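This report concerns only the one structure given below.
Small disclaimer: the values here were computed from a predicted structure and weren't measured. Atoms within a ligand are numbered from 1 in the order they appear, just like the ligands themselves.
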Amino acid sequence: MSLMRFPALLAAALCALPVAAGTASDEKMDEFIDDLMSKMTIEEKVGQITLVTYDKSFMTGATQSKGVAKKIAEGKVGGVFNVRTLEDKINIQKLAVEQTRLGIPLMFGLDVIHGYRTIWPVPLALSCSWDMDLIERTAAAAADEATSEGIDWTFSPMVDLVRDPRWGRVAESSGEDPYLGSRIAEAMVRGYQGESLDDPQSMMACVKHFALYGAGEGGRDYDMVDMSPNRMYQEYFLPYKAAVDAGAGSVMSSFNDVNGVPATANKWLLTDILRGEWGFDGFTVSDYTSVGELTEHGLGTLAEVSARALKAGLDMDMVSEGVLKNMDYCLEKGLLTEADIDVACRRILEAKYKLGLFENPYLRLGSQPVDREKYRSLALEAARKSIVLLKNDRNVLPLEKEAKVALIGPLADTRWELMGTWAGAAAMPDEGVSIKSGISRYTSSLIHTVGAPITDNPGLARMIGVNIERSGDPDSLIAEAVSAAEKSDIVIAVLGENAKMSGESSSMTWIGLQPTQRRLLEALVATGKDVVLVLLNGRPMTLEWEDAHCAAIVDAWAPGLQGGNAVADVLFGEYNPSGRLTMTFPRTVGQVPIYYSMKSTGRPHIPFVKYRTGYIDCPQDPLYPFGYGLSYSQVDYSDMKAEYDSVSRSVKASAKVTNTSGRAVEETVQLYIGDVTASVTRPEKELKGFRKVELAPGESLTVDFSVPVSELGFWTPELEYIVETGEFTVGIGPDSQRLMTAKVVYSDVADCPAELKTL
Ligand code: BGC
């Protein structure tokens with residue numbers, strides 16, 4: 001086995017977009033900022049690196065900034081977030097521009113996570129569309145709406161890789177896979193930032209949470225991460241880097257500890273990797289009070305930790321005001337120099353310059369008109385494409401129009417819970433569509449009952465805003481639901497999680513249906529009627545019993561503003577479901593972490609055989625694998641071909657897909673590659689390509705892939721990226737398990753691109 005090597009920097013460059021170095025506009029910007037900074041006092045510079053919430057804002061963290069108007073007027077603030085109204089933003093900007101000595105405009109931030117006023121499905125759901133064009137369009141539409149109300153900067157995309165469904169924030173992610181996550185990260189950055197950041201409809205993206213926030217121990221929020229750098233480079237870093245390469249203007253540090261140093265004070269992450277290896281030239285911002293929280297990590301006083309974070313490469317402090325409150329002390333004690341503050345201040349000023357704010361501080365404060373009607377149809381498209389059909393026995397779905405439906409469940413007649421996490425800022429849930437109203441477009445024969453409280457766990461109920469006392473007597477609720485079921489042809493049970501059960505600070509040890517809901521489902525199944533489970537959820541759930549007993553399962557996630565219409569369109573066949581899972585669904589929570597790209601062991605799994613990896617009380621495989629999802633059509637895969645092509649220096653692979661059904665379908669064809677023998681252990685397979693194709697009834701299509709040779713490589717324990725010659729298994733199929741495979745041999749190092757060979 002021979003190999004070619006290329007170190008971190010060059011490997012990074014391989015996938016990077018071309019960067020224009022030293023352009024004329026950079027020079028103009030530098031001159032402008034040099035001039036401005038020459039007039040600034042050190043206090044004013046510290047002001048620029050201070051990000052605050054507004055006194056009248058809503059809360060997205062436990063503390064809120066105080067005396068903000070005064071601070072702004074004194075030039076002690078660089079940016080403000082969570083400001084509710086456009087009017088407030090205009091007034092605040094006036095304060096900064098008209099009252100401060102130098103009139104430096106403020107930058108307005110907000111968590112625009114999955115839509116601003118028009119709410120799309122939560123990011124995990126949207127990722128199940130595997131539709132990069134759609135994802136980019138939703139980000140651009142969110143930017144259009146948010147900028148029309150004064151937002152310059154969104155705290156999105158969250159690109160943390162996630163493999164533990166106990167963590168509530170998996171809802172905000174794009175799932176478990178680095179390749180897919182990277183493509184989504186790029187699409188979102190492109191969508192938010194548009195052609196140019198100084199376009200009034202563009203807002204700056206903020207890639208978060210750097211780094212490894214999704215890998216906290218035990219799925220607990222804010223918890224520590226201890227991971228080999230090799231694994232970081234190989235898997236967890238990829239989506240952050242892809243977002244940086246796509247030009248993201250800012251990066252947010254994460255709350256968690258990374259191998260002993262919290263990310264917010266981690267020089268290796270914030271400077272060596274982000275800037276040194278990846279060439280990031282935007283600015284970094286802390287997470288909400290994560291600078292102050294370094295004291296809770298035990299790293300010292302607020303003055304010490306704030307100085308340490310700044311020196312590590314953190315530019316802007318969200319809410320802690322650490323340097324602002326301790327500037328004199330930090331300078332006196334030599335914890336910081338003015339030059340340290342200059343570096344950070346310059347980066348914030350550059351961001352404002354790029355956003356066009358010096359040219360016009362009111363650029364996004366003019367209330368530009370927005371075509372909300374257009375975005376309602378985009379919300380419907382996004383929700384339809386995010387829904388994943390998990391089971392459909394005997395083709396019980398789609399339903400006939402005017403079927404007699406018993407619609408049961410505490411989530412069947414709500415608009416708000418369909419919005420999911422992070423929809424509080426400006427969402428318009430009143431314009432939303434409940435599942436009940438969506439279904440009533442298809443049948444007038446509909447009985448709805450609540451059936452069960454979401455939970456009867458008092459602690460959980462308090463955390464998710466459910467009043468158990470007011471939920472009604474569980475036995476009577478079930479009796480009512482059973483009686484409705486008995487009078488109907490089909491039961492649709494809408495169960496799962498309300499909006500607060502996933503998202504920040506929503507880790508759970510139990511990821512099955514709450515016992516109250518399960519009891520209801522058992523009673524419905526016992527009626528002998530076909531039960532279709534429509535699941536609302538922000539995380540993969542454990543559904544073994546449900547899979548064994550329900551006729552069909554439709555995973556609708558938190559589908560957003562048009563969720564009710566989208567679910568009904570799927571149930572009644574107006575839309576042929578096409579979503580594919582981007583996170584593995586375990587059988588039981590005991591299997592977590594579980595993901596498709598696991599490595600083998602020296603004792604590979606054989607079900608219920610001793611001295612083999614796995615569990616003795618549960619199969620090794622998941623309930624639903626990564627990439628999985630059904631439709632109402634049958635798509636056959638055949639004629640797989642794969643070979644190494646030395647001209648294009650890539651693996652060329654193709655397969656024929658045929659829609660053998662009478663219904664048009666969108667099929668996501670997935671390509672995986674596994675390295676058969678290598679100098680280090682490798683996952684059995686890794687996603688290396690996908691294509692979403694439309695197939696008319698009876699249509700066949702040959703789907704081609706081309707995977708560049710650089711994609712066959714891996715990071716060594718010494719952190720070199722290498723490609724080794726040898727045999728690779730190529731798999732093509734509808735999900736990560738059902739694959740046709742072929743072997744290819746990559747044998748000729750001489751075929752490598754010249755820049756790789758020389759190393
Ligand atoms: C979250 C971030 C968010 C920030 C500002 C934090 O609690 O972790 O994702 O952007 O608050 O609201």
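- Residue His209 places at least one N or O, backbone or side chain, under 3.5 Å from an N or O of ligand 1.
- Between Phe237 and Phe210, the two ring planes are tilted [angle within 30° to 60°].
- Selection from Asp287, Thr154, Val319 by nearest heavy atom to atom 8 (O) of ligand 1 gives Asp287.
- Salt bridge status for Glu149 with Arg364: absent, with no side-chain N to carboxylate O gap under 4.0 Å.
- The shortest heavy-atom distance from Met252 to ligand 1 is under 4.0 Å.
- Contact check on Lys208 versus Asp111 returns a salt bridge, with a Lys/Arg side-chain nitrogen under 4.0 Å from an Asp/Glu carboxylate oxygen.
- Regarding atom 10 (O) of ligand 1, its nearest protein heavy-atom neighbour is Asp111 OD1, 2.5 Å.
- For ligand 1, the polar-atom distance check finds no N/O of Tyr213 at less than 3.5 Å from any of the ligand's N/O atoms.
- Using cut-offs of 30° and 60° for the angle between ring planes, the Tyr375 and Trp120 rings count as perpendicular.
- No side-chain heavy atom of His297 sits under 4.5 Å from any side-chain heavy atom of Phe255.
- Relative orientation of the Tyr288 and Phe81 rings is perpendicular, given thresholds of 30° and 60° on the angle between their planes.
- Short contacts between ligand 1 and Lys208, defined as distances under 4.0 Å to a heavy atom of the residue, involve ligand atoms 2 (C), 3 (C), 9 (O), 10 (O).
- At least one N or O atom of Glu504, backbone or side chain, sits closer than 3.5 Å to an N or O atom of ligand 1.
- Listed by number with element, the atoms of ligand 1 under 4.0 angstrom from any heavy atom of Tyr288 are 5 (C), 6 (C), 7 (O), 11 (O).
- Each of the following atoms of ligand 1 lies closer than 4.0 Å to a heavy atom of Trp422: 12 (O).
- The shortest heavy-atom distance from Met158 to ligand 1 is not under 4.0 Å.
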